J.: 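Here it is, the structure, as structure tokens.
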Amino acid sequence: MDLLRGLVMVIMAIDHTREYVHAAAMVGRPEDLTQSTAAIFLTRWVTHFCAPVFMFCAGLGAFFWSERKGRTRASLSRFLFTRGLWLIVLEFTLVRVGFYFNFDYSLVILLVFWALGLSMIALAGLVFLPYRALVAVSIGMILLHNLADGVRAASFGDWAWVWNLLHQPGLIQTGGPTLLVAYPLVPWIGVMAAGYCFGRLYRLPAERRGPFFIRLGLGLTLAFIALRLANIYGDPSPWTTQGSIGFTVLSFLNTTKYPPSLQFLLMTLGPAIALLGWTDRARPSERNPLLVFGRVPLFYFVLHIPLIHAIAVFLTWMEYGVTPFLFTPPPTLGSPRDAFPPDYGWSLITTYLVWIGAVAALYPVCLWFSRVKARNRRWWVSYL
């Protein structure tokens with residue numbers, strides 16, 4: 001699990017680097033096939049694996065935590081509840097400041113830590129369900145939530161904000177800060193619960209476990225292909241024939257992330273589960289970068305955003321000089337495009353070089369912290 005989690009941590013940094021550095025990110029969405037290129041689309045697409053794996057591994061990690069001697073469902077519930085609250089606090093403090101480099105809370109974007117935190121709080125209650133009931137709830141939420149795609153928040157009137165929080169991304173006016181819900185909770189709660197249920201499969205003998213994971217992961221991937229080909233259910237955005245075979249394939253892969261459709265989750269979790277099987281007996285070095293990052297994912301996440309932002313500030317200063325927008329987030333995070341120079345941003349090659357440099361810079365710090373964490377068994381360390 002640590003190898004898988006470390007892999008997606010590294011991949012995740014590509015997307016955050018793109019949002020700060022890449023010129024095309026400032027003017028359009030990489031998923032828009034009328035404007036994008038294959039390289040830009042795939043740079044974004046590969047990072048789609050990150051959020052589902054975060055959620056799934058958070059549930060799986062909760063199961064591993066509960067397996068330690070002396071721990072009960074009640075203690076697991078308390079841990080999930082308090083850790084969930086902690087992630088929400090981080091979302092509105094360190095993570096937000098890292099993204100923005102300012103304290104202007106007029107617009108607050110509810111991102112992955114918010115969804116992770118509330119999903120953990122939900123799981124804190126769900127763990128008291130019988131195992132089979134929890135399996136049914138998690139799979140049912142993932143399979144069936146697209147039936148609600150046609151329900152719009154506006155139809156709930158004054159309660160529209162509830163539907164935005166649950167299933168439809170959108171703005172919530174509070175009379176103070178404006179909230180932008182990027183990660184509605186359904187079906188993320190189901191994904192985390194599915195990861196928790198999946199943990200029981202680790203009780204299988206090692207010789208059976210790996211092959212079973214591979215078959216299950218490949219089966220889910222094939223289910224994605226079949227559903228996507230049918231173009232009937234599982235994603236609100238059907239694929240269409242494009243001007244070339246290559247772009248038709250991109251359209252096929254262009255599933256919906258906000259909220260994650262059934263097809264999106266099959267497309268991402270299927271290969272991830274297969275990878276758990278392929279690496280089940282792997283024994284990497286303690287210094288393996290993926291293992292290091294995977295063991296301190298929260299530490300890595302909180303550090304990588306301000307690091308990438310600081311590099312973008314430095315590049316901006318080198319290219320454009322000291323200007324008022326140095327500590328204003330780029331248009332990808334809500335700033336007006338006209339506040340930036342018309343040619344603001346850099347090439348995709350520069351974007352990848354910044355990504356590689358940022359990840360390399362984080363490695364020694366994360367290696368140090370992983371060793372500190374391994375030596376320190378105090379309760380509060382598990383929250384870091």
Side-chain angles (χ1 to χ4, degrees), residues 8 11-52 99 107 109-112 115 146 149-150 152-153 164 167-171 178 180-184 224-225 227-268 308 312 328-352 354-355:
V8 298
I11 292 172
M12 170 193 64
I14 299 174
D15 198 45
H16 293 150
T17 306
R18 181 190 61 81
E19 289 185 323
Y20 281 101
V21 175
H22 190 217
M26 310 302 158
V27 294
R29 293 168 45 249
E31 302 94 335
D32 184 353
L33 296 180
T34 64
Q35 301 181 35
S36 192
T37 66
I40 293 172
F41 176 92
L42 292 173
T43 296
R44 166 61 172 162
W45 179 83
V46 72
T47 66
H48 281 342
F49 288 83
C50 300
F99 268 120
L107 174 66
I109 305 177
L110 303 181
L111 294 167
V112 68
N146 284 117
D149 287 343
R152 311 312 297 169
N164 288 132
H167 199 258
Q168 180 187 331
L171 292 172
T178 297
L180 173 57
V181 182
Y183 282 78
F224 156 69
I225 294 172
L227 266 180
R228 195 65 174 157
L229 284 172
N231 241 2
I232 296 172
Y233 176 75
D235 197 283
S237 300
W239 65 277
T240 58
T241 301
Q242 303 291 307
S244 67
I245 294 176
F247 267 70
T248 299
V249 172
L250 298 186
S251 178
F252 188 87
L253 295 173
N254 194 16
T255 53
T256 303
K257 181 180 179 180
Y258 304 106
S261 68
L262 169 60
Q263 292 180 19
F264 179 93
L265 293 174
L266 291 173
M267 178 183 74
T268 52
I308 292 169
T328 300
T332 53
L333 293 174
S335 294
R337 182 64 184 84
D338 57 12
F340 289 72
D343 62 339
Y344 181 75
W346 293 267
S347 69
L348 198 58
I349 292 176
T350 301
T351 301
Y352 274 91
V354 171
W355 163 61

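From a predicted model like this one, the values you see are computed outputs, not experimental measurements.
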J.: Minimum heavy-atom separation for F247 to A38, with atom names?
T.: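 Where F247 meets A38 most closely, the heavy atoms are CZ-N, 4.2 Å.
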J.: Counting C-beta onward and ignoring hydrogens, is there a side-chain heavy-atom pair between L333 and F99 closer than 4.5 Å?
T.: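 Side-chain contact under 4.5 Å: yes.
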J.: Show the nearest heavy-atom pair for residues N164 and L171, with the distance to one decimal.
T.: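 Minimum heavy-atom contact is OD1-O, 3.9 Å.
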J.: Is a side-chain donor or acceptor of Y20 paired with a backbone partner of T332 at a separation under 3.5 angstrom?
T.: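 Answer holds: no.
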J.: So W355 and H16, side-chain contact (heavy atoms from CB on, under 4.5 Å) or not? Walk me through it.
T.: CA-CA 9 Å; W355 163 61; H16 293 150; over 6 Å; no
J.: Can we call the ring centroids of F224 and F252 under 6.0 Å apart?
T.: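 For F224 and F252, the ring centres are under 6.0 Å apart.
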J.: Would you name the heavy atoms of F340 and T328 that are closest together and state the gap between them?
T.: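 Closest approach of F340 to T328, heavy atoms only: CZ-O, 3.9 Å.
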J.: Does T350 use its side chain to pair, donor to acceptor, with the backbone of W346 at less than 3.5 Å?
T.: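 Side chain of T350 to backbone of W346: no pair is present.
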J.: Begin from the C-alpha positions of H22 and I40 and carry the test side-chain contact (heavy atoms from CB on, under 4.5 Å) through to its verdict.
T.: CA-CA 10 Å; H22 190 217; I40 293 172; 3.6 Å; yes
J.: Could you tell me whether a side-chain N or O of T248 sits under 3.5 Å from a main-chain N or O of Q242, the two making a donor and an acceptor?
T.: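 Side chain of T248 to backbone of Q242: a pair is present.
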J.: Give a yes or no answer on whether the side chain of S36 reaches the backbone of L33 with a donor-acceptor pair at less than 3.5 Å.
T.: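 Judged by distance alone, no pair lies under 3.5 Å.
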J.: Would you say T17 and Y352 make side-chain contact, with heavy atoms under 4.5 Å?
T.: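 Counting from C-beta outward, T17 and Y352 never come under 4.5 Å.
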J.: Other residues, nucleotides and ligands only: do more than 12 of their heavy atoms fall within 6.0 Å of CD1 on I349?
T.: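 Not buried by this count: 12 neighbours or fewer within 6.0 Å.
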J.: Which of these, T255, L266, I232, sits in a side chain to side chain contact (heavy atoms under 4.5 Å, CB included) with L227?
T.: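 Exactly one option meets the side chain to side chain contact (heavy atoms under 4.5 Å, CB included) with L227, and it is L266.
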J.: Could you give me the CA-CA distance, side-chain angles and deciding distance for T47 and V8, then say whether side-chain contact (heavy atoms from CB on, under 4.5 Å) is met?
T.: CA-CA 8 Å; T47 66; V8 298; over 6 Å; no
J.: A side-chain contact here means heavy atoms from C-beta on lying under 4.5 Å apart; do H48 and E31 qualify?
T.: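 In short, these two side chains touch, coming nearer than 4.5 Å.
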J.: Using only atom types and a distance under 3.5 Å, with no angle test, would you say the side chain of D235 pairs donor to acceptor with the backbone of S261?
T.: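 Pair absent, no side-chain N/O of D235 close to backbone of S261.
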J.: May I have all residue pairs that pass salt bridge (Lys or Arg N to Asp or Glu O under 4.0 Å) and include part of residues 238-264, sequence neighbours excluded?
T.: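 Qualifying pairs, neighbours excluded: none.
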J.: For residues 329-346, which residue pairs qualify under salt bridge (Lys or Arg N to Asp or Glu O under 4.0 Å), counting only residues two or more places apart or in two chains?
T.: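 Every candidate salt bridge (Lys or Arg N to Asp or Glu O under 4.0 Å) pair involving residues 329-346 fails, so no pair, neighbours aside, qualifies.
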J.: Give a yes or no on whether the backbone of A153 and the side-chain of Q168 come within a donor-acceptor separation of less than 3.5 Å.
T.: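 Present.
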J.: Keeping the roles fixed (side chain from Q263, backbone from L253), state whether a donor-acceptor pair exists under 3.5 Å.
T.: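 Answer holds: no.
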J.: Is a side-chain donor or acceptor of T43 paired with a backbone partner of A39 at a separation under 3.5 angstrom?
T.: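 Side chain of T43 to backbone of A39, a donor-acceptor pair under 3.5 Å: yes, one is there.
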J.: Hey, are the side chains of W45 and P30 touching, using non-hydrogen atoms and a 4.5 Å cut-off?
T.: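 Counting from C-beta outward, W45 and P30 never come under 4.5 Å.
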J.: Quick check for you: to the nearest 0.5 Å, what is the distance between T351 atom OG1 and I14 atom CD1?
T.: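 Going from the OG1 atom of T351 to the CD1 atom of I14 covers 10.5 Å.
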J.: Show your working on side-chain contact (heavy atoms from CB on, under 4.5 Å) between L180 and L110 and close with a plain yes or no.
T.: CA-CA 6 Å; L180 173 57; L110 303 181; over 6 Å; no
J.: Could you grab the distance from atom CG of N231 to atom OG1 of T240, nearest 0.5 Å is fine?
T.: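 The distance works out to 8.5 Å.
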J.: Would you check if P331 and P336 make a side-chain contact, meaning some heavy-atom pair closer than 4.5 Å?
T.: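 No, too far: nothing below the 4.5 Å cut-off.
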J.: Closest heavy-atom contact between N146 and L262?
T.: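 Taking N146 first and L262 second, the nearest heavy atoms are OD1-N, 2.9 Å.
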J.: Quick one: closest heavy-atom pair of P169 and Y258, and the distance?
T.: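 Result for this residue pair: CG-O, 3.4 Å.
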J.: Please answer whether the main-chain N or O of N254 pairs with a side-chain N or O of W239 as donor and acceptor at a distance below 3.5 Å.
T.: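 Flag not set: sc W239 to bb N254 has no pair under 3.5 Å.
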J.: Of all the heavy-atom pairs spanning M26 and P330, show the shortest one and how long it is.
T.: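 Smallest interatomic distance, heavy atoms only, reads SD-CB, 3.8 Å.
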